[in-house]
Amino acid sequence: MAESIRVEGLRELARRIAQFPRKIQRRALYSALHRGGVPIRDEARRLAPVLMIPDARRRAGTLARAIRTMSRRPHGRFAAAVGVGVRRLSRAQMRKFKKGAGKSGAANPDDPFYWRFVEFGTSKMGARPFLRPAFESRKFAAAFAAREGLREALEEAVARLGRQGFKARLNVRLEAFLGL
């Protein structure tokens, strides 16, 4: 049930980006996409419910702290993909807890496994969505941030490569495409 924003008119920009070395292309794309995910991540953290009643099995703010921008394996023809979601505990974190307490998973107060129950609800608890509303309210800010991030990453790559003639042509094209 992944939501996304579709951006049209990227063929010319893609041709220009293709002139860069592959490593610089990927770095620029992921940098821009992560920057675009930040407004949604911050809004989701703000909207995430916080534990109000003390509980030995949970820590207040665990859910909000676990919301991250994460690189995703691209699907189909996409060159890069980044998502905003709840990060699971690493194996090392689970092992560390398991050693000390003899249990893992639901008994671990740092494990945000329950985020799905909060976001979508259960048969006994209503939904308290925080990811979907964050996306809906900040998707245009995210697109703008990604656009600006791509512009900065490409300008930095051009400066690093030192191609002055290429830089002038790229800036004209970017300004026309980005509407600046």
Side-chain angles (χ1 to χ4, degrees), residues 1-7 23 25-76 78-156 178:
M1 191 171 160
E3 304 251 1
S4 60
I5 298 174
R6 184 179 171 92
V7 180
K23 184 177 179 180
Q25 291 177 30
R26 293 189 61 75
R27 187 181 304 142
L29 286 173
Y30 276 105
S31 171
L33 290 175
H34 273 285
R35 189 166 164 186
V38 168
I40 296 172
R41 180 201 66 196
D42 292 346
E43 183 68 7
R45 284 180 178 173
R46 189 184 71 73
L47 295 175
V50 178
L51 182 68
M52 299 303 237
I53 302 168
D55 187 352
R57 297 169 298 162
R58 297 283 146 246
R59 287 200 179 111
T62 297
L63 189 56
R65 279 191 305 274
I67 298 172
R68 305 289 172 115
T69 58
M70 301 172 271
S71 298
R72 302 280 186 188
R73 179 173 289 147
H75 298 295
F78 300 112
V82 172
V84 175
V86 179
R87 179 184 52 99
R88 297 177 2 176
L89 291 181
S90 68
R91 286 195 173 126
Q93 289 171 315
M94 288 182 150
R95 247 182 275 126
K96 181 180 175 184
F97 179 77
K98 198 172 188 178
K99 240 182 231 179
K103 295 180 181 178
S104 65
N108 189 337
D110 293 322
D111 192 355
F113 75 94
Y114 56 90
W115 75 269
R116 289 177 189 85
F117 308 139
V118 175
E119 177 75 14
F120 301 109
T122 66
S123 62
K124 298 181 181 193
M125 177 183 86
R128 294 178 62 191
F130 56 96
L131 287 173
R132 292 173 290 165
F135 173 78
E136 287 301 321
S137 68
R138 303 298 291 164
K139 62 185 169 187
F140 296 111
F144 182 76
R147 181 180 81 172
E148 291 303 309
L150 183 59
R151 177 186 177 87
E152 289 175 14
L154 292 177
E155 286 175 355
E156 179 185 320
L178 299 174

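Please read these numbers as outputs of a predicted model, since none were measured by experiment.
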Trainee: Please report the shortest heavy-atom distance between Glu136 and Lys139, naming the atom on each side.
Mentor: OE1-NZ, 3.1 Å
Trainee: Measuring from atom OG1 of Thr69 to atom CZ of Arg35, what distance do you get when rounded to the nearest 0.5 angstrom?
Mentor: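 Rounded to the nearest 0.5 Å, the OG1-CZ separation comes to 13.0 Å.
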Trainee: Can you list everything that forms a salt bridge (charged side-chain N to carboxylate O under 4.0 Å, His left out) with Arg116? Sequence neighbours excluded, please.
Mentor: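 Partners of Arg116 under the salt bridge (charged side-chain N to carboxylate O under 4.0 Å, His left out) test: none.
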Trainee: Is Met52 atom CE crowded by more than 12 heavy atoms from other residues, nucleotides or ligands, each under 6.0 Å away?
Mentor: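 No, the 6.0 Å shell around CE holds no more than 12 heavy atoms from other groups.
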Trainee: Please work out whether the ring planes of Trp115 and Phe120 are parallel, tilted or perpendicular, with thresholds of 30° and 60°.
Mentor: tilted
Trainee: Provide the closest heavy-atom pair for Val84 versus Met70 in the form atom of the first, atom of the second, distance.
Mentor: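 For Val84 and Met70, the tightest heavy-atom pair comes out as C-CE, 4.3 Å.
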Trainee: Where is the tightest heavy-atom contact between Gly36 and Ala142, given as atom of each residue plus distance?
Mentor: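 Heavy atoms of Gly36 and Ala142 come nearest at O-CB, 2.9 Å.
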Trainee: Tell me, yes or no, whether the heavy-atom count around Arg128 atom CZ, taken from other residues, nucleotides or ligands under 6.0 Å, exceeds 12.
Mentor: no
Trainee: Provide the closest heavy-atom pair for Ala60 versus Leu51 in the form atom of the first, atom of the second, distance.
Mentor: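 Here Ala60 and Leu51 meet closest at CB-O, 3.9 Å.
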Trainee: When rounded to the nearest 0.5 angstrom, what distance separates CD1 in Ile67 from OG1 in Thr62?
Mentor: 11.5 Å
Trainee: With sequence neighbours excluded, what pairs up with Arg41 under the salt bridge (charged side-chain N to carboxylate O under 4.0 Å, His left out) test?
Mentor: none
Trainee: Using every non-hydrogen atom in the two residues, find where Ala134 and Leu47 come nearest and quote the distance to one decimal.
Mentor: N-CD1, 3.9 Å
Trainee: Assign the ring pair Phe113 / Phe117 to parallel, tilted or perpendicular, where the plane angle (0 to 90°) is split at 30° and 60°.
Mentor: perpendicular
Trainee: Which pairs, with at least one residue in residues 43-54 and sequence neighbours excluded, count as a salt bridge (charged side-chain N to carboxylate O under 4.0 Å, His left out)?
Mentor: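 Pairs touching residues 43-54 that pass the test: Glu43-Arg46.
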Trainee: Minimum heavy-atom separation for Arg132 and Pro129, please, with both atom names.
Mentor: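 Of all heavy-atom pairs spanning Arg132 and Pro129, the closest is NH2-CB, 3.4 Å.
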